[in-house]
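Because the structure is a prediction, the values reported are computed rather than measured. By convention in this document, chain letters (A, B, ...) are assigned in the order of the sequence lines, proteins followed by strands, and residues within each chain are numbered from 1.
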Protein chains: 2
Amino acid sequence: MMHLTQSRSAVTQRVDVPSPLRETWLNHSPCLSYSERQALEAVAVPAKRVQPHTDLLREGKRADHLFVITEGWACRYVMSRDGCRQLSALLLPGDIVNLDALSLTWQAYGVRMLTQASVVALPREQVLMLSAQHSGIAQTLLRTSLIENGTLSKWALCLGRLSAKERLAHLICELAVRIRAVDGKSVSFDFPLTQETLADALGLTPVHVNRMVRELRAEGLVEDAHRTITLPDVAALRRMASFDASYLHVNVHTSRVSN
Amino acid sequence: MMHLTQSRSAVTQRVDVPSPLRETWLNHSPCLSYSERQALEAVAVPAKRVQPHTDLLREGKRADHLFVITEGWACRYVMSRDGCRQLSALLLPGDIVNLDALSLTWQAYGVRMLTQASVVALPREQVLMLSAQHSGIAQTLLRTSLIENGTLSKWALCLGRLSAKERLAHLICELAVRIRAVDGKSVSFDFPLTQETLADALGLTPVHVNRMVRELRAEGLVEDAHRTITLPDVAALRRMASFDASYLHVNVHTSRVSN
DNA sequence: CGGGTCGTTGACACATTTCAAGTTTAGTGG
DNA sequence: CCACTAAACTTGAAATGTGTCAACGACCCG
């Protein structure tokens, strides 16, 4: 089984030229043929460097490019009238930043960089043309959007029905899976989120996030230092957050998730 | 302007045969040609009646049909471990129930009928074939998913950052627009949601929803009786919920939204 | 008429926010 | 290497929004 998938990916990755989308959603879709991959690569604008704490996109503006993160973290966010911020997505390497630019005329959210990052741009019009010509591309874009919907539904469940500590644990579990760090009992990975950013993702105050982080630390479920987080017992953390990774639809072939 | 849009819709609706998808998302998309509409109609299974309080789909199961609601209300929901329910969508006439059945292999949510309803079914495989052949169909499906995405993001903002009363008011405003009831200062429409259902949508307890409903009533923002709700001053309600309908992308041609 | 669902109420408990300090850490320039 | 600054993290006490529990009332339908 493992041999099979490995040889398959060896075949699909016979490109030696620099491939900006290699580690990307657009490249891991099960519905994408080799030629469709190449067509997408062909219209990609080479990666651009973006500074932390800057807005890649602003709410209400029109974007004529699709962006894909190849390195670094970002988030989608919206502001409420009284200045509160709520994140609607955390964007990790491989993620598409603004799929909706394809079909909607203005961004419903801003996108802020959380670390220094690299992004690849795909001209909107060209992607539209490609997706009209290649049904695999259209299917991939739809699939990506559907998976994002699933993630957002899960966030709604967390925001609406989980306690602060469970929410925090759940988010950490999600990130561990998405960053493909999960492969054993214990796990550690780069974690650039400030407690304030976590608060904006979880619908909490920074102060309370702090208290919950310390509780998780006290219970031995997380350790953190220097922007790195360690989960000594992933299974226990998952249990306390009632986390089930299936909603993420991570491609098991390209990660080391055991489950 | 009004003449123009009316004559246009007269052209696109030259069918006299029963059209199960007429008042449906799939039929209002700006990217759908007449022949594409017809192709979709052709594979539609005639409307089926569904009883209230029954599950149309169950979480984790595989669906081989796409369902479209033509009459009545339903909701998507997920359960948390301890039996709490959180809605991730309210489904109104015209809405597609389970778009993700197209591309994902199991439903991440259940769908429960909230009233007696009629649903049209579209065989999954046939829709997939059609969307591979007609780029307008693929585009429409993507667009629908993207709009759902925006709605979910807005729900996240509400759940994370709005007070109980604001959340309730916001949801009522959303429903008023989606049901196309908004056309003046005052508005009233059929409202079959119980306070318990509202609680599951808003991430609150039924008891607290009750208190918030009465507060809105006391402030003259809402009146309700016999499954009908009246909003005597929509503008005031919107203000208190900081509601802005643009995220819904309602098709202005087919509704009477003034904005 | 009776039973069930839905709405209403009050007293109390508790999770989370608010406010208002500190303290530590990371980054910068001398 | 140190001094200095800003950002991030900590901490405690008090305020408050929402949940919990438990009861009662209104309405619908068979």
In whole Å, what is the span from the [atom1] atom of [X] to the [atom2] atom of [N]?
| X | N | atom1 | atom2 | result |
| --- | --- | --- | --- | --- |
| B:His53 | C:dC6 | NE2 | C1' | 11 Å |
| A:Gln195 | D:dA8 | CD | C1' | 8 Å |
| B:Arg217 | C:dG7 | CZ | C1' | 9 Å |
| A:Ile229 | D:dC9 | CD1 | C1' | 15 Å |
| A:Asp200 | D:dA8 | CG | P | 12 Å |
| A:Glu196 | D:dT10 | CD | P | 14 Å |

Next on the checklist: For A:Asp55 and A:Tyr77: C-alpha separation, side-chain torsions, deciding distance, then whether side chain to side chain donor-acceptor pair (under 3.5 Å) applies.
Outcome noted: CA-CA 10 Å; A:Asp55 275 350; A:Tyr77 69 94; 2.9 Å; yes

Checklist entry - Is there a side-chain contact between B:Met212 and B:Val209, using heavy atoms and a 4.5 Å cut-off? => result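 No - every pair of side-chain heavy atoms lies 4.5 Å or more apart.
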
Checklist entry - Would you say C:dT8 has OP1 or OP2 under 4.0 Å from some side-chain N or O of B:Asn210? => result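 Looking at the OP1 and OP2 atoms of C:dT8, one of them is under 4.0 Å from a side-chain N or O of B:Asn210.
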
Next on the checklist: On the nucleotide D:dG12, are OP1 or OP2 found under 4.0 Å from the side-chain N or O atoms that A:Arg214 carries?
Outcome noted: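 Indeed not, no polar side-chain atom of A:Arg214 lies that close.
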
Item to check | Sugar-phosphate or base contact per nucleotide [nucleotides 18-29 of chain D; S, B, -; heavy atom under 4.0 Å] | outcome: BBBB--------

Under 3.5 Å, is there a donor-acceptor pair between the [X] and [Y] side chains?
| X | Y | result |
| --- | --- | --- |
| B:Ser163 | B:Glu166 | yes |
| A:Tyr109 | A:Asn98 | no |
| B:Arg49 | B:Ser118 | yes |
| A:Trp106 | A:Glu59 | no |

